[in-house]
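Here the structure is a predicted model, which means the values were calculated and not measured.
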Amino acid sequence: EAGVTQFPSHSVIEKGQTVTLRCDPISGHDNLYWYRRVMGKEIKFLLHFVKESKQDESGMPNNRFLAERTGGTYSTLKVQPAELEDSGVYFCASSQDGNYGYTFGSGTRLTVV
Amino acid sequence: DQQVKQNSPSLSVQEGRISILNCDYTNSMFDYFLWYKKYPAEGPTFLISISSIKDKNEDGRFTVFLNKSAKHLSLHIVPSQPGDSAVYFCAARGSNDYKLSFGAGTTVTVRA
């Protein structure tokens, strides 16, 4: 089966611009997660979708971040306007249930300059 | 506040020897613990897990030990192989929580 796909793999944008990251989960996985790793630190939870509904968005840093999962398939994470501290690697993951480890995508490396 | 801590950012070990990675947690509600392995430019991949009702889980060359009273777990890799060179993340969650809390990772380098 195809894994979790993230696009783009890299993005370099200027401060104040908008960037949209996309994640295609494994087909049939109802649970979709966004995580972020900043500057080699821990991987931090951003939010969790169950199908198209936001189950937990407690990790979203502020209202410049907007996540959607229309139709319960792929998800997008938009950062608008981007700030320097938003730089990092954004990982998407999916799972059928939460009993075992997720499957992560390869991540999108975002650099805000 | 960081609830999962990996205090050793790096570990170098000779091929064939044992690698021991340590992880401490502060949240007593955590009851399921996982280790992930990450290669450069790839996402983390699930390696091994342990439930709080156990104190040891083994899968081939990988063994995870859990000491609940000390809020400490460790991952043993034996024997270490060059392909084990990667970043290893410790993660934890509560019983009804899908959200994972991760440590900052330990970079393992296996020397030939």
Under 3.5 Å, side chain of [X] to main-chain N/O of [Y], donor-acceptor pair present?
X       : Y       : result
A/Gln6  : A/Tyr90 : yes
B/Lys68 : B/Lys54 : no
A/Glu83 : A/Glu85 : no

Can you see whether B/Tyr36 engages A/Tyr102 through a side-chain donor-acceptor pair at a distance of less than 3.5 angstrom? no
If you tally heavy-atom pairs under 4.5 Å against chain A, which of B/Ser101, B/Pro44, B/Ser51 wins? B/Pro44
Mind ranking B/Thr45, B/Leu100, B/Val87, B/Asn96 by heavy-atom pairs under 4.5 Å with chain A and telling me who comes out on top? B/Leu100
Side chain, backbone, both or neither: which part of A/Ser58 has a non-hydrogen atom closer than 4.5 Å to chain B? side chain
Please classify the contact of B/Lys5 with chain A as side chain, backbone, both or neither, using a heavy-atom distance under 4.5 Å. neither
Between chain B and each of A/Lys44, A/Arg109, A/Gln55, A/His48, count heavy-atom pairs under 4.5 Å; write down the option with the most. A/His48
Axial cation check for A/Tyr74 ring with A/Arg22, 6.0 Å and 45° limits: yes
